[in-house]
Amino acid sequence: MDVTTDAAAPWLIVGLGNPGPEYAGNRHNVGFMVADLLADRVGGKFKRAGRAQAQVVEGRIGPPGPLNRRVVLAKPMSYMNLSGGPVNALRDFYKVPVGHVVAVHDELDIDYGVLRLKLGGGDNGHNGLKSMTKALGAEYHRVRFGIGRPPGRMQVADFVLKDFSSAERKELDYFVDRAADAVEALVIEGLERAQSTYNS
């Protein structure tokens, strides 16, 4: 779906993660980290979203004029594997077409800090995407934030629910900032232009 099909429709940008302070620094919560930074950029604070099990910030990104976009930033509060329900409730409430939904999430099969933007596709075993695809279908955008594979024989579940290492944390702010830039580029300029800049 081309992003210009309904330019007036809002965008729903979903940072995937798990609620609660014990998960805040986990690799699996990098979507929340990007959403928090985007909220800072639009000058908003996350608040509970009515009946939806999520926190939201409403705002605008982009320069004044035709490229200015209305956005709803969201953090599902349902735990990762049930993200689809809250996201679908928000999509209905804000009347967002599926092609204007963006999931920001951790990705095991990409090196740490590397970004990949895409439309549609599989869930690659990611429970948040699995739940979203079940609720919405697969034709939403993804901003995939590489976290790399677990070392040695560490289980994937243990790896994603651990905090970034001290070495990784030295670059984490930079990579989260770049991921937020990529989300903005996707929404303002469209997928192909954003991919050409950030799919490096």
Side-chain angles (χ1 to χ4, degrees), residues 1-7 9-17 26-38 41 54 61-62 67 69-76 80-84 86-88 90-91 94 96-150 156 159-160 171-172 174-200:
M1 174 180 180
D2 186 82
V3 294
T4 58
T5 49
D6 188 358
W11 285 76
L12 177 59
I13 299 163
V14 182
L16 291 178
N26 289 180
R27 293 180 176 93
H28 224 17
N29 270 46
V30 74
F32 274 19
M33 297 173 196
V34 176
D36 285 338
L37 179 56
L38 287 165
R41 290 183 180 185
I61 62 173
L67 294 179
R69 305 283 189 244
R70 183 178 163 218
V71 296
V72 179
L73 309 172
K75 297 193 295 187
M80 182 71 85
N81 59 351
L82 299 172
S83 301
V87 173
N88 210 26
L90 292 172
R91 191 182 73 81
Y94 288 103
V96 178
V98 174
H100 277 209
V101 176
V102 182
V104 186
H105 65 92
D106 57 303
E107 177 62 63
L108 287 159
D109 285 338
I110 302 174
D111 289 341
Y112 174 60
V114 174
L115 298 175
R116 290 283 183 272
L117 282 64
K118 63 183 284 197
L119 174 63
D123 56 60
N124 203 23
H126 192 289
N127 287 330
L129 296 182
K130 199 175 291 185
S131 180
M132 280 186 60
T133 297
K134 189 175 177 186
L136 308 176
E139 290 303 299
Y140 55 90
H141 289 86
R142 299 102 190 275
V143 174
R144 304 156 75 206
F145 185 111
I147 60 170
R149 302 294 302 184
V156 164
F159 179 70
V160 299
E171 296 182 291
L172 183 59
Y174 168 77
F175 288 140
V176 168
D177 193 66
R178 192 166 183 270
D181 290 347
V183 171
E184 292 183 348
L186 168 61
V187 169
I188 296 165
E189 301 172 10
L191 179 62
E192 284 186 17
R193 288 189 67 179
Q195 284 175 325
S196 70
T197 303
Y198 293 97
N199 281 20
S200 54

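With sequence neighbours excluded, the residues that form a side-chain contact (heavy atoms from CB on, under 4.5 Å) with Ala135 are Asn88. Every residue meeting the side-chain contact (heavy atoms from CB on, under 4.5 Å) condition with Arg193, not counting sequence neighbours, appears here in chain and number order: Glu189. Qualifying side-chain contact (heavy atoms from CB on, under 4.5 Å) partners for Ile110, counting only residues two or more places apart in sequence or in other chains: Glu107, Val114, Arg116, Arg144.
Pairing each heavy atom of Ala54 with each of Pro86, the nearest pair is CB-CB, 4.3 Å. Nearest heavy-atom pair across Tyr140 and Ala103 is CE1-CB, 4.0 Å. Across all non-hydrogen atoms, the minimal contact from Ala185 to Tyr198 is CB-CE1, 3.7 Å. Nearest heavy atom pair, residue Gly120 against residue Glu139, reads CA-OE2, 4.0 Å.
Between the side chain of Arg142 and the backbone N or O of Leu117, no donor-acceptor pair lies under 3.5 Å.
Residue Lys118 qualifies as enclosed at atom NZ: its count of foreign heavy atoms under 6.0 Å is above 12.
Atom CD1 of residue Ile61 and atom CG of residue Leu67 lie 10.5 Å apart, to the nearest 0.5 angstrom.
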Audit row: His100, Leu12, side-chain contact (heavy atoms from CB on, under 4.5 Å) steps and yes/no:
CA-CA 6 Å; His100 277 209; Leu12 177 59; over 6 Å; no
Checking side-chain contact (heavy atoms from CB on, under 4.5 Å) for the pair Val143/Val102: CA distance, chi angles, key distance, verdict?
CA-CA 7 Å; Val143 174; Val102 182; 3.8 Å; yes
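Shown are Val72, Val183, Leu186, Val96; of these, the side-chain contact (heavy atoms from CB on, under 4.5 Å) with Ile13 is made only by Val183.
Relative ring orientation between His126 and His28 is described as tilted, the plane-to-plane angle lying within the 30° to 60° band.
By the 4.0 Å N-to-carboxylate-O rule, Asp181 lies close enough to Arg41 to be salt-bridged with it.
Figure legend: cation-pi geometry between Arg178 and Tyr174 absent, as NZ or CZ is not positioned both under 6.0 Å from the six-membered ring centre and within 45° of its axis.
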